[in-house]
There are 2 protein chains.
Amino acid sequence: MKTTRNTAAKTAVLEIFGKSKTALSHTEIQKELNDLCDRVTTYRILDRLVNDDIVHKIVNLDGTVKYAKCHHHAQRVHIHNHAHFSCEKCLEVTCLENVKPSYILPHNYKVNDINFTLSGLCPKCFNSNI
Amino acid sequence: MKTTRNTAAKTAVLEIFGKSKTALSHTEIQKELNDLCDRVTTYRILDRLVNDDIVHKIVNLDGTVKYAKCHHHAQRVHIHNHAHFSCEKCLEVTCLENVKPSYILPHNYKVNDINFTLSGLCPKCFNSNI
DNA sequence: AATATTAACGCAACAATGTTGCAATTGATT
DNA sequence: AATCAATTGCAACATTGTTGCGTTAATATT
């Protein structure tokens, strides 16, 4: 059985996620880490966190990838079916944990994963835009 | 006013889209073109087609980008709110034009674009998997 | 506390994807 | 046919992510 270790870098990454209210890209995390570790290491840490269901990966409409901490540890079936909102102005990506899409699929499709990302103006930018 | 021109490369790209039932990546299109034009040109053609609402861009869960022809020319409000299905086995991405997600959003969010992609097994692979 | 095991790391090198500037080409208009 | 500017090719670059391998260090074992 493969055991997972707590390293300085991993701890630092988790701390960054803890502080952040928005999803973060690899580059943002790397910057925040102030090059505490190599960028390859950061990639590998993120991979592990995703694999361990501690963090989930969000692919934006523009193709950029961000990561956010999971807030549903107790769930059995682990599927990230909540919506994500990507603001075109401030470029922040946030989880909308309570927004879940409902849809009707034709027969014989088996869904394993979902990406539901909305793009537009977040409340902050929406209001400052009036 | 900027006018758009019909070039050999653009015509060829449109022909490829016409023949294909699935969404295509830049690389796939380039291969299909048999290097009729430079890959940069293909990128620019795709950009223009997306801008002219002739083609829409689909970002997959794994971050790969594909393009598909639009089938709703008559619509006024042009938003690609239908689902896309990405098969984990055959790697094909298809439009599910009739599958549209319904969801309830908190106030003060303005949605301009949607990415709703489902990943799993398509009917073809689902059946051959039994 | 010392040692062993191996997960995790750093570094270098590579690969894929996408972008930009600029001179040359070519489609459309007059 | 001449003109205008949209489009192209090419070279160069940027970003993002991956891989191999020798080294380091976290955890378990003695």
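Values below: all heavy atoms of this structure, side chains included; hydrogens, waters and symmetry mates excluded. Residue numbers begin at 1 in each chain, while the letters A, B, ... track the order of the sequences. Predicted model, so just to flag it, every value in this text is computed and none were measured.
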What's touching nucleotides 26-30 of chain D from the protein side, N or O pairs under 3.5 Å?
from: D:dA26; atom 1: N3; to: A:Arg5; atom 2: NH1; distance (Å): 3.3
from: D:dT27; atom 1: OP1; to: A:Asn6; atom 2: N; distance (Å): 3.0

Between the protein and nucleotides 16-19 of chain D, list every N/O to N/O distance that falls short of 3.5 Å.
from: D:dT16; atom 1: OP2; to: A:Thr27; atom 2: OG1; distance (Å): 3.3
from: D:dG17; atom 1: OP2; to: A:Tyr43; atom 2: OH; distance (Å): 2.9
from: D:dG17; atom 1: N7; to: A:Arg39; atom 2: NH1; distance (Å): 3.2
from: D:dG17; atom 1: N7; to: A:Arg39; atom 2: NH2; distance (Å): 3.4
from: D:dG17; atom 1: O6; to: A:Arg39; atom 2: NH2; distance (Å): 2.7

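When side chains are defined from C-beta on, A:Tyr109 counts as touching B:Pro123, because their heavy atoms get closer than 4.5 Å.
Between A:Asp62 atom CG and D:dT15 atom C1' there is a gap of 13 Å when expressed in whole angstrom units. The nearest whole Å value for the distance from the CZ atom in B:Arg48 to the P atom in C:dG27 is 13 Å. As rounded to whole Å, 10 Å separates atom P of C:dC11 from atom CG of A:Asp35. Between the P atom of D:dT7 and the CG atom of B:Leu49 lies a distance of 10 Å, rounded to the nearest Å. C:dA7 atom C1' lies 13 Å from atom CG of A:Asp52, rounded to whole Å. Remark: C1' of C:dA8 and NZ of A:Lys10 are 10 Å apart, rounded to the nearest angstrom. The nearest whole Å value for the distance from the CG atom in A:Leu46 to the P atom in C:dC9 is 11 Å. One can place CD1 of B:Ile29 at 11 Å from P of C:dG18, the figure rounded to the nearest angstrom.
Scanning both residues, B:Lys10 and B:Thr4, for their nearest heavy atoms gives NZ-OG1, 3.2 Å. Of all heavy-atom pairs spanning B:Thr42 and B:Leu33, the tightest one is OG1-CD1, 3.7 Å.
Side chains of A:Glu92 and A:Thr22: no donor on one and acceptor on the other come within 3.5 Å. Defined by atom type and a distance below 3.5 Å, a donor-acceptor pair is missing between the side-chain atoms of B:Ser86 and B:Ser119.
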Could you please spell out the steps behind the side chain to side chain contact (heavy atoms under 4.5 Å, CB included) verdict for A:Lys57 and A:Val65?
CA-CA 7 Å; A:Lys57 193 174 171 176; A:Val65 173; 3.6 Å; yes

Does A:Val55 form a side chain to side chain contact (heavy atoms under 4.5 Å, CB included) with A:Val13? I'd like the steps, not just the answer.
CA-CA 11 Å; A:Val55 152; A:Val13 169; over 6 Å; no

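Using the six-membered ring where Trp is involved, A:Phe116 and B:Phe116 have ring planes that are perpendicular, over 60° apart on the 30 and 60° scheme.
Residues B:Leu91 and B:Ile58 are members of separate hydrophobic clusters, defined by side-chain heavy-atom contacts under 4.5 angstrom among Ile, Leu, Val, Met, Phe, Trp and Tyr.
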